[in-house]
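Have a look at the structure below before the remarks.
The analysis underlying the following values was restricted to heavy atoms, covering all of them including side chains, and did not include hydrogens, waters or symmetry mates.
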Amino acid sequence: MARSGGTGRRSSEETRERLISAATETLREEGYSGASARAIAARAEANSALVFYHFGGVDQLLLAALDRSSAERMAMYRELTAPARTLEELVEAATRIYRTDLERGYITEFSELVAAAVTKPELREEIRDRAEPWVAFIEEEWERVLGGSPLARLLPAREVAYGAITFYLGVNLFSVLDEDHSRTEAVFELGGRLAPRARLLTLRLPRRGRGAGRAEEEEEAGVQEPGGAWEAEEPGGGSSDAREP
């Protein structure tokens, strides 16, 4: 009996995985409007009633498909961005992410569900919750590479992350008009040209520690820092070397 139960669980898990894979393919190729229980089940070679048995409904199945692809993407893109140490390298990584998402249909999958949420309010919170890890990911990478620089102060990480997500969604909508993707590629090429010109803005500023204020006071008074020398004015307008032995 134990063996039979184990076989049944494996069969059930396999059916769930087939349905999730079929939902992903249907959403990418047919769009949200074509992702019916019947269409998904046909691809999975399963009974359409199993969509409701395993997931409770079509939307829940599509969200499960989005969860799986998001987990795959997050692991892949964390590895991709990890070596980045400059703004230029971040722009290059972002370009590769866009191209990968476009080629594999990830952009379409996410954007179709966002579009569906316009007329289905119950989907909005679900999509918003699933977008938040990506906002956090972009925010973390921006801060890791550029934190402490003038550019990071000018463009805070959270706002950059929101802008990136907005651009990501807009790219998919614009692709209807930009069939060869040349216009979108031009935007990334522009980013690639601008990044080196912003290099001075990406230099990290010295961090102010607890003793920073005291050091500045000592500098103004002509007190030497270890290994250096300051000129202090003498009464009467002259100056003397304040170098310590």
Test log, rule salt bridge (charged side-chain N to carboxylate O under 4.0 Å, His left out), inputs E132 and R128: CA-CA 6 Å; E132 190 58 34; R128 185 168 55 246; over 6 Å; no

task: Identify, with sequence neighbours excluded, every residue that meets side chain to side chain donor-acceptor pair (under 3.5 Å) alongside Q60.
output: none

- line: Sorted by chain and residue number, the side chain to side chain donor-acceptor pair (under 3.5 Å) partners of S111 (sequence neighbours excluded) come out as N172

- prompt: For the atom pair CG (L151) and CG (L200), what is the distance rounded to the nearest 0.5 Å?
  reply: 11.5 Å

task: Hey, could you give me the CG/OG1 distance between L61 and T26, rounded to the nearest 0.5 Å?
output: 8.5 Å

task: For side chain to side chain contact (heavy atoms under 4.5 Å, CB included), just list the numbers for T184 and L102, CA-CA rounded to whole Å, side-chain angles, deciding distance to a tenth of an Å, and then say yes or no.
output: CA-CA 11 Å; T184 305; L102 187 65; over 6 Å; no

query: ring-ring contact (aromatic ring centres under 6.0 Å, His included) with Y106: which residues, sequence neighbours excluded?
result: none

query: Checking R158 against W142: charged group under 6.0 Å from the ring centre and within 45 degrees of the axis?
result: no

For F167, ring-ring contact (aromatic ring centres under 6.0 Å, His included) partners two or more places apart: F188

statement: Sequence neighbours excluded, the answer for side chain to side chain donor-acceptor pair (under 3.5 Å) partners of S69 is E109

message: Could you work out, with salt bridge (charged side-chain N to carboxylate O under 4.0 Å, His left out) as the rule, every residue matching R124, not counting sequence neighbours?
response: none

- request: Decide if atom CD of E79 counts as having more than 12 heavy atoms of other residues, nucleotides or ligands within a radius under 6.0 Å.
  value: no

M76 vs T100 side-chain heavy atoms within contact, under 4.5 Å: yes

field: Note, L66 side chain near I127 side chain (heavy atom, < 4.5 Å)
entry: yes

All salt bridge (charged side-chain N to carboxylate O under 4.0 Å, His left out) counterparts of R43, not counting sequence neighbours: E25, E29, E30

task: Could you go through the side chain to side chain contact (heavy atoms under 4.5 Å, CB included) check for W134 and E139 one step at a time?
output: CA-CA 8 Å; W134 290 99; E139 185 177 7; over 6 Å; no

message: Salt bridge check, R16 against E13: does any charged N sit closer than 4.0 Å to a carboxylate O?
response: no

message: Going by side chain to side chain donor-acceptor pair (under 3.5 Å), name the pairs with one or both residues in residues 45-58, residues two or more places apart or in two chains.
response: none

field: Crowding at CZ, R144 (>12 non-hydrogen neighbours, <6.0 Å)
entry: yes

- request: Check whether any side-chain heavy atom of V114 lies under 4.5 Å from a side-chain heavy atom of L169, and answer yes or no.
  value: yes

For E92, all residues meeting side chain to side chain donor-acceptor pair (under 3.5 Å), sequence neighbours excluded: none

query: How close do A82 and E141 get, heavy atom to heavy atom, and via which atoms?
result: N-OE1, 4.5 Å

query: Sequence neighbours excluded, which residues qualify as salt bridge (charged side-chain N to carboxylate O under 4.0 Å, His left out) partners of E17?
result: R68

- prompt: Which value, rounded to the nearest 0.5 Å, describes the distance between L146 atom CG and L90 atom CG?
  reply: 6.0 Å

- prompt: Hydrophobic clusters join Ile, Leu, Val, Met, Phe, Trp and Tyr when side-chain heavy atoms are under 4.5 Å apart, directly or via other members; which others share one with L194?
  reply: L190

- prompt: Distance-only, no hydrogens or angles: does the R28 side chain make a donor-acceptor pair with backbone N or O of R104 under 3.5 Å?
  reply: yes

message: Applying side chain to side chain contact (heavy atoms under 4.5 Å, CB included) to L87 and L201, what does each step give before you reach the verdict?
response: CA-CA 10 Å; L87 177 61; L201 291 176; over 6 Å; no

statement: Residues pairing under salt bridge (Lys or Arg N to Asp or Glu O under 4.0 Å) where one sits in residues 193-202, two or more places apart or in two chains, turn out to be E88-R199

- line: Output for pair (I97 CD1, I107 CD1), nearest 0.5 Å, gives 10.5 Å

message: For a side chain to side chain contact (heavy atoms under 4.5 Å, CB included) check, start with the C-alpha distance between V145 and R85, then their side-chain angles and the critical distance, and finish with the verdict.
response: CA-CA 5 Å; V145 175; R85 294 293 181 271; 5.7 Å; no

